[in-house]
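What follows is one structure encoded as structure tokens, with my remarks underneath.
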Amino acid sequence: MDYQSILENIFREIQPYAREGRQADYIPALAEVDPDRFGICLRLMDGQIFELGDSLTRFSIQSISKVFALSIAISLEGDEIWRRMGKEPSGSAFNSLVQLEYEKGIPRNPLINAGALVMADIMISRLPNPEEFFIEFVRKLCDSPSVDYNRRVADSELSTGYLNAAIANLLKYHHNINNGIDEVLRLYTLMCSVEMNCRELSQAFMCFAKSNEPFRHGGVELTKSRVKRINAIMQTCGFYDETGEFSFLVGLPGKSGVGGGIAAIYPSLYSIAVWSPRLNAKGNSIMGMKALELFTTETSESIF
Ligand code: GLU
């Protein structure tokens, strides 16, 4: 398959959408990002990569970090994690308070903010230095020692993160957070602030495509069965309340972030990362979703 020409065709085909939507600005530092960037990187099992555009420009991975947090939390807690959160699609916004109130402080799934705050709490309880552990784990996953937190973005989010603070308080009220709220919010926003480029992100997601070769690092072990579960959760919960639509259009397990990134995998075939900051009303990258829809259509390589 001539993947490079397929990517080039897709880039041409998505141009009509180039000015639709806008970048996230509820986190002040993200409003400064040039909205007209576009990068994509496809990585095959044998390590071959095909990329285009700004695939080497780093961006804020935001909620994509929740998949890495889940990998750690599942390794630290095993099935106990499911006492503290569910594994059902939320059908509501990633920062919704309403559902959490109805469901008495048990987040619907790990890939919404409430779930990630509980995972940050687990990491703080279990690890001597969770901040260091998380970034080292991510560096190992993407095989890039210079990947790091962007503390300015994290501070910027913390300074206006009233809704996440409300979620953390509700979780604490229901005894689903054991540590201090400030500490949990700090780790959560730091995890979201990690910056990677499409090439690094596609490498980081290889561990979810390659379940036959379990990834191990510092006590985190992504066994075949854990990868199966993480992929299932990405498939059903990875795109906020647009997960059904992403499944319908693209047909791959994946995760998006409000920085405009999307990472997705086809088990035993490839991982793919795309970045374009302009978002739709649900918080997903417009060009990113369109590019992935065209990619699985033109290659006939979707899991369905
Ligand atoms: N840090 C962002 C928030 O909590 C992450 C949102 C996202 O990417 O979905 O609002």
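Position 1 is the first residue of the sequence; numbering continues from there. Remember, it's 1-based here, ligands and their atoms both numbered in the order they're listed.
Where the criterion is an N or O separation shorter than 3.5 Å, residue side chain and backbone included, Tyr188 meets it with respect to ligand 1. In terms of polar-atom proximity, Val258 is counted as a contact of ligand 1, with an N or O under 3.5 Å from an N or O of the ligand. The shortest N/O to N/O separation between Ser63 and ligand 1 falls below 3.5 Å.
Using modelled atom types and a 3.5 Å distance limit, the side chains of Asn150 and Glu195 yield a donor-acceptor pair. Lys66 and Tyr188 share a side-chain donor-acceptor pair at under 3.5 Å.
Closest to atom 10 (O) of ligand 1 among all protein heavy atoms lies Tyr26 OH, 2.6 Å. Shortest contact from atom 3 (C) of ligand 1 to any protein heavy atom: Glu157 OE2, 3.0 Å. Among all protein heavy atoms, the one lying closest to atom 2 (C) of ligand 1 is Gln62 OE1, 3.1 Å.
Judged as a side-chain contact (heavy atoms from CB on, under 4.5 Å), and not counting sequence neighbours, the contacts of Asn212 are Lys224.
Below 4.0 Å from some heavy atom of Tyr240 lie the following atoms of ligand 1, by number and element: 7 (C), 8 (O), 9 (O). Distances below 4.0 Å separate heavy atoms of Gly257 from the following atoms of ligand 1: 8 (O). Ligand-side atoms of ligand 1 in range of Cys192: 1 (N), range being under 4.0 angstrom from any heavy atom.
Partner of Ile40 under the side chain to side chain contact (heavy atoms under 4.5 Å, CB included) criterion, chosen from Asp54, Ile262, Ile10, Val274: Val274.
Of the possible donor and acceptor atoms, one in the side chain of Asn176 sits under 3.5 Å from a partner among the backbone N and O of Gly105.
Scanning all heavy atoms of the two residues, the minimum distance from Ile272 to Leu292 falls at CG2-CD2, 3.7 Å.
The side chain of Asn164, and not its backbone, has at least one atom closer than 4.0 Å to an atom of ligand 1 (non-hydrogen atoms only; side chain from C-beta on).
Classified by interplanar angle (parallel below 30°, tilted 30° to 60°, perpendicular above 60°), the ring pair Phe208/Phe68 is parallel.
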